[in-house]
Protein chains: 2
Amino acid sequence: MAYRETPRMRARKEATRQRILDTTQQLVASGGFGAASVARVAEESGVAIGSVYRHFESKSDLFAEVFRHATEVEVRRVGEALNTTGPADEALAKALEVFARRAIRSPTMAWALIAEPVDPMVDEERLRYRQAYAELFEQTLVRGMREGCFRPDQNPKLSSAATVGAIAEALVGPLSPAADGLDREKADQLIHDVVRLCLQAVRAPGGQQQ
Amino acid sequence: MAYRETPRMRARKEATRQRILDTTQQLVASGGFGAASVARVAEESGVAIGSVYRHFESKSDLFAEVFRHATEVEVRRVGEALNTTGPADEALAKALEVFARRAIRSPTMAWALIAEPVDPMVDEERLRYRQAYAELFEQTLVRGMREGCFRPDQNPKLSSAATVGAIAEALVGPLSPAADGLDREKADQLIHDVVRLCLQAVRAPGGQQQ
DNA sequence: GTAAGAACTGAACTGTTATTCAATCATTAT
DNA sequence: ATAATGATTGAATAACAGTTCAGTTCTTAC
């Protein structure tokens, strides 16, 4: 008989699949999902358009996988920062800084993950992503409310959502065109200011300031 | 000699033009700019597709005018609230409440004005809109910083942008599907909480709380 | 009523992208 | 080398939205 799938071929296919994923992620990082057409993805991956469909059911399927991978990385980083030992307000400050620093380093990717309109399949992933964030922040907010460093009469879900919105708008919103030409010092100042603003929003009155 | 433009015809044309604008605004309010195709606008306005182009250079032109009108209304309302007499923090609280209340009443319109991706021509209008808001809020923030009710060591531009982002995300972001089925009491609670959160973010330490 | 000119109409045109599939190429086991 | 089978290709297709324009209808002034 004849052709059988060998480990060699399986590895090669896997490599191509991975290359397509990487290419797509790069395109999304530089111009959002809107900039990642199938033709562009194929060209930059060095394969034909049809081959993309050999590895992914559809463009939405490919996008969903890229989205999932990118957000898993982000959520993991923020989760790690939150789970360092120490008071809840310090943990939150550290996590917000991680979030802000990563957003300002890759503003287009941040926008693509947070705000760019996407088709329903990717939007489903976004819902999970938001819930993951909400749960992480909420956990720490609730802990801080118990510990007394955050004001106890707040809605932690609301505070969590508003905090993400505040950072996103401050860093990838109106200031975003400037973000490219932002030197390290200016970026640090911006991140410091926005983190302090967010912390003060949830902090208990009378707690230590700044 | 023959046809001349009469007041009657001019009025009729103006009425049609206005009808197209109103229809578009309604479509944007219910589904964002993405839901307002030229075909749909024409149908709902009771005119042919071609007639839309008789009154507007292009779809972008029509959108820009709808955007401009909608935002002028919003900015005026917020400006009125800010310019009531009284301490800066009370003025800011009142203005944020107006902003939030209007956003929660028309979440899709709020999203379309604040965050929906639009073509460059509309985006230019959005820049003006953001600047108008930024100037308004900044003015009051600076006044409050001088008066001592807002913390003096903050970047008012950043605080202003972050505040808009916080409210937008909290009200039209993850909570937005719920906004439709929100009763008056729940909506009031949500608005109250988010306004307090934003105020606390900018307030001077040691000032009166709640 | 009629003719000039404007307004209106919507089918056709254009440009853009996702998706398909018949033909071609590559890999394997004999 | 060859046959069998899967992998790859990219031109063709399909679907969709903004825009155009030749033909039709309407309004006006006489």
Quick one, B:F67 and B:R126 - any side-chain contact, counting heavy atoms below 4.5 Å? yes

Tabulate protein N/O versus nucleotide N/O from nucleotides 9-15 of chain D, keeping only pairs under 3.5 Å, one per line.
residue: D:dT9; atom: OP2; partner: A:A48; partner atom: N; Å: 2.9
residue: D:dT9; atom: OP2; partner: A:S51; partner atom: OG; Å: 2.7
residue: D:dG10; atom: N7; partner: A:G50; partner atom: N; Å: 3.3

B:I20 CD1 - C:dA7 C1' separation (whole Å): 12 Å

Restricting to non-hydrogen atoms, name the atom on A:I20 and the atom on A:S45 that form the minimum distance, rounded to 0.1 Å. CA-OG, 3.6 Å

Ring pair (Phe, Tyr, Trp, His ring centres under 6.0 Å) partners of residues 38-57 of chain B, not counting sequence neighbours, each pair once: none

For B:V202 and B:S159, work out which heavy atoms get closest and say how close. CG1-CB, 4.0 Å

Would you indicate whether the side-chain heavy atoms of B:E65 and B:E125 approach each other to under 4.5 Å? no

Between NZ of A:K59 and C1' of C:dA18 the distance, given in whole Å, is 7 Å

Who are the side-chain contact (heavy atoms from CB on, under 4.5 Å) partners of B:P117, not counting sequence neighbours? A:W111, A:P117

Could you state the atom-to-atom distance from CG of A:D119 to C1' of C:dT19 in whole Å? 14 Å

Using whole Å, what does the distance between atom C1' of nucleotide C:dT19 and atom CG of A:D61 come to? 14 Å

Please list, in numerical order, the residues of residues 8-18 of chain A that have a heavy atom closer than 4.0 Å to any atom of DNA chain C. A:R8, A:M9, A:R12

Atom CZ of A:R10: over 12 foreign heavy atoms under 6.0 Å: yes

Taking all atoms of both residues into account, what is the closest heavy-atom pair of A:A166 and A:C198, and its distance? CB-SG, 4.1 Å

Which listed nucleotide (C:dA29, D:dT19, D:dT8) is nearest to the side chain of B:Y53? D:dT19

When you match B:T6 and B:E57 each to their closest nucleotide on DNA chain D, which lands nearer the 5' end? B:E57

Of all heavy-atom pairs linking B:V73 and B:R102, the shortest is CG1-NH2, 3.5 Å

Review item, side-chain donor-acceptor pairs of residues 76-84 of chain B, under 3.5 Å, at least two apart:
residue: B:N83; atom: ND2; partner: B:G79; partner atom: O; Å: 3.1
residue: B:T84; atom: OG1; partner: B:A81; partner atom: O; Å: 3.0

Would a 4.5 Å heavy-atom cut-off, applied to side chains only, mark A:K13 and A:E5 as touching? yes

Given atom NE2 of B:H55 and atom P of C:dA6, what is their separation to the nearest angstrom? 15 Å

Sorted by number, the residues of residues 23-45 of chain A with heavy-atom contact under 4.0 Å to DNA chain C: A:S37, A:V38

